[in-house]
Amino acid sequence: MSWLPGAGDLGLSITTGAALAAVLTVVAWGLALRLRGRWLPAQYLVRVLCVVQALALLYFWFAPMPFPHLVLNHVMDLLDAGYLLILAIPVLMALGYYPLQISWQAKVVHTLLILLFFGVMVPQQAMVHLLVLQHLSVVFMPVLYLCFGALFDMMVFVALYAWAASTAPLSATH
């Protein structure tokens, strides 16, 4: 990867990769239509991603100008949000998980495991965003920001919290 810090100041073109984004959106929508039964929740998720991407493509079709948000600003915003979540995890766990009647060792271990997960995931997530934006197109930035940014991080935290809480015995809430 060869990202030049000054390259973000040039106003990246949205035409690069817009055709690829349109093709991927149409293909994903078509594949989502084939999902049935237990895969129905995945169908809705893919449709949401397709709608967000289609709206981004339509917006830049009618307003063809350099993308108003710089790639490096996007990545820095993503990292800032992720690190704020990491700082909030002990507080969130203390409010929602620590009142359960389980051992303090389990509470500390689960909190540390969740912190470790986010400590690894947040920088990796930023790298993936940077690679997608650099090698595909900045047209994918709205999908990355809205669907795989801070909202995604919060959903992952809720899932990990639910996992940690599910390890507690049923009598832990009394």
Visitor: In Å and rounded to the nearest 0.5 Å, what is the CG to CZ distance from L45 to R47?
Guide: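 Rounded to the nearest 0.5 Å, the CG-CZ separation comes out at 12.0 Å.
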Visitor: Residues two or more places apart in sequence or in another chain: which of them pass side-chain hydrogen bond (donor to acceptor under 3.5 Å, both in side chains) with T111?
Guide: Y98
Visitor: Indicate the atoms forming the closest heavy-atom contact of I102 with K107, along with that distance.
Guide: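 Heavy-atom minimum between the residues: O-CE, 3.4 Å.
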Visitor: Can you list, by chain and residue number, the hydrophobic cluster partners of L33 when the side-chain cut-off is 4.5 Å?
Guide: W29, V51, L55
Visitor: Mind checking side-chain contact (heavy atoms from CB on, under 4.5 Å) for L24 and listing every partner two or more places apart, or none if nothing turns up?
Guide: L20, F140
Visitor: Between L79 and P123, what is the shortest heavy-atom contact and its length?
Guide: CD2-CA, 4.3 Å
Visitor: Checking F148 now: which residues fulfil ring pair (Phe, Tyr, Trp, His ring centres under 6.0 Å) with it, not counting sequence neighbours?
Guide: F152
Visitor: Tell me, please, which residues at least two apart from Y44 pass side-chain hydrogen bond (donor to acceptor under 3.5 Å, both in side chains).
Guide: none
Visitor: Taking a hydrophobic cluster as the set of Ile, Leu, Val, Met, Phe, Trp and Tyr residues connected by side-chain heavy atoms closer than 4.5 Å, whether directly or through intermediates, do L78 and M141 fall within one such cluster?
Guide: no
Visitor: In chain order, what residues pass the ring pair (Phe, Tyr, Trp, His ring centres under 6.0 Å) check against H110, with sequence neighbours excluded?
Guide: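 Ring pair (Phe, Tyr, Trp, His ring centres under 6.0 Å) list for H110, sorted by chain: Y97, W163.
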Visitor: For A56 versus V139, what's the shortest heavy-atom pair and its separation?
Guide: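 Looking at all heavy atoms of both residues, the shortest contact is CB-O, 4.1 Å.
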Visitor: Is the shortest heavy-atom distance from the side chain of V71 to the side chain of L130 under 4.5 Å?
Guide: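 Yes - at least one pair of side-chain heavy atoms lies under 4.5 Å apart.
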Visitor: If hydrophobic clusters are built from ILVMFWY residues whose side chains come within less than 4.5 Å, do V143 and V128 share one?
Guide: yes
Visitor: Residues in side-chain contact (heavy atoms from CB on, under 4.5 Å) with V26, at least two apart?
Guide: none
Visitor: Which value, rounded to the nearest 0.5 Å, describes the distance between L133 atom CG and L70 atom CG?
Guide: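 Between L133 CG and L70 CG, I get 11.5 Å after rounding to 0.5 Å.
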Visitor: Do C147 and L151 touch side chain to side chain, with heavy atoms closer than 4.5 Å?
Guide: no
Visitor: Looking only at heavy atoms, what is the nearest atom pair of A21 and T25, with distance?
Guide: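 Closest approach of A21 to T25, heavy atoms only: O-OG1, 2.6 Å.
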Visitor: Each residue besides L35 in its hydrophobic cluster should be listed here, by chain and number; the cluster joins Ile, Leu, Val, Met, Phe, Trp and Tyr at side-chain heavy-atom distances under 4.5 Å.
Guide: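 W39, all in the cluster of L35.
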Visitor: Can you get from M154 to L49 by hopping between Ile, Leu, Val, Met, Phe, Trp and Tyr side chains that sit under 4.5 Å apart?
Guide: yes
Visitor: Among all residues two or more places apart in sequence or in another chain, which pass the side-chain contact (heavy atoms from CB on, under 4.5 Å) test with F118?
Guide: L85, I86, I89, I114, M121, V122, D153, V156, F157, L160
Visitor: Kindly give the heavy-atom pair with the smallest separation between P99 and A94, and that separation in Å.
Guide: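 For P99 versus A94, the nearest heavy atoms are CD-O, 3.4 Å.
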Visitor: Not counting sequence neighbours, which residues clear side-chain contact (heavy atoms from CB on, under 4.5 Å) with A88? List them please.
Guide: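 A88 satisfies side-chain contact (heavy atoms from CB on, under 4.5 Å) with L92 once adjacent residues are dropped.
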Visitor: Any idea which heavy atoms bring T167 and A164 closest together, and the distance?
Guide: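 Answer, listing the atom of T167 first, then A164: OG1-O, 2.5 Å.
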